[in-house]
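Before any comments, here is the structure.
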Amino acid sequence: MAAATNESCSTQLIDGDGGFNVSGIDQFIKDVKLPECGLSYAVVSIMGPQSSGKSTLLNNLFRTNFREMDAFKGRSQTTKGIWLARCAGIEPCTLVMDLEGTDGRERGEDDTAFEKQSALFALAVSDIVLINMWCHDIGREQAANKPLLKTVFQVMMRLFSPRKTTLMFVIRDKSRTPLENLEPILREDIQKIWDSVPKPDAHKETPMSEFFNVEVVALSSFEEKEEQFREQVANLRQRFFQSIAPGGLAGDRRGAVPASGFSFSAQQIWKVIKENRDLDLPAHKVMVATVRCEEIAEERYAWFTSNEDWRQLQEDVESGSVSAFGKRLSSILQNCFSEYDGEAVFFDEGVRSSKRKHLEDKLLQLVQPAFQTVLGHIRSGTIEKFKEAFDKALKTGEAFSSAASDCTTHYMTLFDKQATDVIIEQADWDTTKVREKVRRDIDAHVASVRAAKLTELTTSFESKLNDALLGPVEALLDGANNETWPSIRKLLRRETQSAVSGFSSALSGFDLDQETKEKMIASLEKYAGGVVETKAREEAGRVLIRMKDRFGILFSHDSDSMPRVWTGKEDIRGITKTARTASLKVLSVMAAIRLDDQADNIEKILSSALVDSASNSGASRNITKSDPLASSTWEQVPSSKTMITPVQCKSLWRQFKSETEYSVTQAISAQEANKRNNNWLPPPWAIVALFILGFNEFMTLLRNPLYVFFIFACFLLGKALWVQLDVSNEFRHGALPGLISLSTKFVPTIMTILKKLAEEGQMPAANNEAYRNPPPPIKTFHSEVGSTTNLSSTTSSGVTSGNGSTRYSSPTKEE
């Protein structure tokens, strides 16, 4: 191909008598491998006066080998007819046509028909037309080819669909006159020619720019300034590279035909040009063949569309898949084509074949929807059967990868077998694309099921990790101590290893690549860590509650977990410090996530800043320099692992102390109240003073026993009132509330005691009657207390007994 690109070859396309060289152009196209170019080729032609250097320009511009005039033999016609050559070294492939010069003496003054035909041919097939003209002839009527261009413009619009062609006027032997001055004159002349040409109604107002791109270039004299000429030609040559690209030198190429049809297209164009000399119609034989073959083809098409077998086949296709579809349809089509061949056998072979091909295309276009529908039924049926078989295989416990492979192989083979029955003999239709779509659908379903199964599997193991980690982690954090985070790490490693082992075994049945498997395992391990971290952060949000619970347990219960009774002997300060230290331990454990087994000094900082600092609270400290909690991060702990910042710890501790201060105050109050209740006797000095000052009165009592008996009776009555009124309990809440309560209970209590004494006086008579006629044993007040002479014991028993028939209570309760 490179050799063909860099070397030029040429052939005569049309001879001097107007004959088209069919064999020559076919061989030429084969030599230059033109069919391989598709639409990527351009056609350039040149026309102009005879002996104006057209062939010389083409040979220098495109490196062709057209025959040039020998100046030493005189000026005469060199190029006869139209010659075609391929340009060397220009991409895309560019074909050049060298036209016979106009205004030559060999054809005579009156024979301008061939000149007009060749010019019209050049404009019809070319993308770029070079018009060669002398510089000193600009403004002259004949030398500038004005009559020729006028005829060409008029005939081209009448014969062909408009296509935009580039007209490049090449001014030869440029004089001193600048191109800027020559170009407007030339463009004005061309516009005048266009305006004077009669146009169809559709194009009367159409500007010339809709049909032609006009370019003007100027070249120096080849004979006098050869070096300058070659340099200018080399620059012009660059414009022909990629000439068909958008914005290139070529026109819009609306009428371009594929390269493989160039020969036929050129023949037909030349034929039309030749025949339109006298406006002849196509030959009668070809015309009849064309019309009749079209009629036969239309009849056969109508017969096929009304054929009962075809209609029945269509109905079957719409309802579902059809067995032997291809064989049945091929038979109907073959009958139709056989009928056409039998009727059109005597007509022109070219026309007959062309119309038969047209009929084939038309019928195949008609049946193609049915063909596609049948393939669609087979495709959908295959996919549905695959899904059912695949799901069934998975439910029976077969490994995912083996089930997917076996089902895919089986049902793709089934599709290939069914698709073979759909093939139509007369059509070169391929089912590869449908097969690829079936495979994509199957693969997509497998991928979807795999994703769902993997998601289900992952969710299952994540749920197991949740169950295995959440409860134990919460319990470990609840009992915060030095072993909390080591225990959590140990728990996390154990449960993660167990989950990963099971997860890895489950993934082996999915035929995953190692990288994907490792990513999923890593994701599960990360999830396990995330569960612990999330739970830890959740518990950290309740750290204040846990601190108060820990404080309440240690402060309100002794070492045996029994509720404390504040008797006055307990060291409340020590107990408070111990409970707060334990609560601070909870705060230090919750302050950061410690899953990486890295030591930190959080507990030490909290202890020194919150507990130990109480003894040094009087010392002045700078909060920004010496306060270790005046920070938002912990040393040696990344921010991502921090759950409670130092500043938050300080705030929580302050809130904790304020909320537990009431419990400590209550304990101190209870202890002091208990001490007061136990020390109801007067002080020892008061007892000694009483004994010394009351010695005479004591001796008087000893000399008079009646006083002693009276005092003893008053003592018993006072003791009974003390017990009945529960004086010690009433004064526990304070002196004033105690006095008020006793004042309301005093008189009812006296009345109750007197009533009981009256009842005791009647007991002997009742006892004698009971001795003569003993009743069933009845538990009485006398039997309960055991003695009628001990008033204090009787009264006390009446208050404390809970099982006797007679129960005494305080006056308040009776009311």
Side-chain angles (χ1 to χ4, degrees), residues 8 10 44-80 82-83 85 87-90 94 96-106 115 118-119 122 126 128-149 166-190 214-241 243 249:
S8 176
S10 61
V44 180
S45 60
I46 188 170
M47 60 181 170
Q50 180 176 297
S51 303
S52 61
K54 299 187 301 300
S55 300
T56 302
L57 175 60
L58 294 180
N59 290 340
N60 284 273
L61 183 59
F62 299 112
R63 300 174 186 173
T64 54
N65 55 1
F66 293 123
R67 180 185 174 190
E68 299 179 10
M69 182 190 72
D70 189 354
F72 295 101
K73 295 182 179 180
R75 309 183 71 85
S76 60
Q77 187 182 51
T78 304
T79 303
K80 294 183 180 180
I82 301 175
W83 285 76
C87 301
I90 292 182
T94 302
V96 179
M97 292 193 305
D98 188 5
L99 275 66
E100 179 180 319
T102 62
D103 199 22
R105 65 178 178 85
E106 285 79 1
E115 295 176 359
S118 61
S126 301
I128 304 168
V129 177
L130 304 179
I131 299 178
N132 201 46
M133 60 187 304
W134 299 110
C135 178
H136 58 267
D137 284 340
I138 292 179
R140 297 173 58 190
E141 187 71 13
Q142 292 298 328
N145 299 308
K146 292 180 181 178
L148 178 61
L149 283 176
T166 298
L167 297 180
M168 178 175 284
F169 289 85
V170 182
I171 302 174
R172 303 293 296 274
D173 295 354
K174 177 180 173 298
S175 63
R176 293 182 180 180
T177 305
L179 180 61
E180 292 78 5
N181 296 335
L182 295 174
E183 183 174 351
I185 299 174
L186 183 59
R187 288 182 178 274
E188 183 179 356
D189 292 340
I190 297 172
V214 178
E215 298 282 345
V216 180
V217 297
L219 301 177
S220 300
S221 173
F222 175 76
E223 296 178 354
E224 298 176 1
K225 301 177 182 180
E226 183 175 352
E227 293 297 327
Q228 188 174 359
F229 172 85
R230 293 186 183 278
E231 181 180 353
Q232 293 170 347
V233 168
N235 293 332
L236 179 60
R237 175 182 172 85
Q238 298 300 319
R239 300 186 62 182
F240 289 86
F241 282 88
S243 59
L249 195 57

**Prompt:** For the residue pair Arg237 and Leu61, what are the closest heavy atoms and their distance?
**Reply:** NH1-O, 2.9 Å
**Prompt:** Under the criterion side chain to side chain donor-acceptor pair (under 3.5 Å), which of Thr64, Asn65, Asp98 is the partner of Ser55?
**Reply:** Asp98
**Message:** What I want to check is whether the side chains of Glu215 and Thr166 have a donor and an acceptor closer together than 3.5 Å.
**Reply:** no
**Complete:** Value for CE (Met97) from CG (Leu130), rounded to nearest 0.5 Å, stands at 11.0 Å
**Request:** Can you measure from CD (Gln238) to CD1 (Ile90) and round to the nearest 0.5 angstrom?
**Result:** 8.5 Å
**Request:** Please report the closest heavy-atom contact between Val129 and Ala122, naming both atoms and the distance.
**Result:** CG2-O, 4.1 Å
**Item:** Spacing of Leu249 atom CG and Met168 atom CE [to the nearest 0.5 Å]
**Value:** 4.5 Å
**Fill in**
Correct closest heavy-atom pair for Phe241 and Gly89 would be CE2-O, 3.2 Å
**Fill in**
Those residues at least two apart in sequence (or on a different chain) that pass side-chain contact (heavy atoms from CB on, under 4.5 Å) with Pro178 are Glu180, Asn181
**Results of salt bridge (charged side-chain N to carboxylate O under 4.0 Å, His left out) for Glu231 - residues two or more places apart only** = none
**Asked** Distance from Glu227 atom CD to Phe222 atom CZ, nearest 0.5 Å?
**Response** 10.0 Å
**Non-hydrogen atoms of Leu219 and Gln232 that approach each other most closely** = CA-OE1, 3.2 Å
**Asked** Per the side chain to side chain contact (heavy atoms under 4.5 Å, CB included) rule, which among Asn59, Leu99, Asn132, Ile131 passes with Lys54?
**Response** Asn132
**Request:** Could you list the residues that satisfy salt bridge (charged side-chain N to carboxylate O under 4.0 Å, His left out) with Arg187, not counting sequence neighbours?
**Result:** Glu183
**Contacts of type ring pair (Phe, Tyr, Trp, His ring centres under 6.0 Å), residue Phe240, not counting sequence neighbours** = Phe62
**Request:** Write down the atom of Phe229, the atom of Ser220, and the distance for their closest heavy-atom approach.
**Result:** CD1-O, 3.1 Å
**Request:** With sequence neighbours left out, write down each residue that passes side-chain hydrogen bond (donor to acceptor under 3.5 Å, both in side chains) with Asn60, or none if nothing qualifies.
**Result:** Arg230
**Request:** Applying side-chain hydrogen bond (donor to acceptor under 3.5 Å, both in side chains), name anything that partners Ser118, two or more places apart in sequence or on another chain.
**Result:** none
**Request:** Can you see which heavy atom on Asp173 is nearest to which on Ser221, and at what distance?
**Result:** OD1-CA, 3.0 Å
**Prompt:** Going from CD1 on Ile46 to CG on Leu57, what distance comes out if it is rounded to the nearest 0.5 angstrom?
**Reply:** 4.5 Å
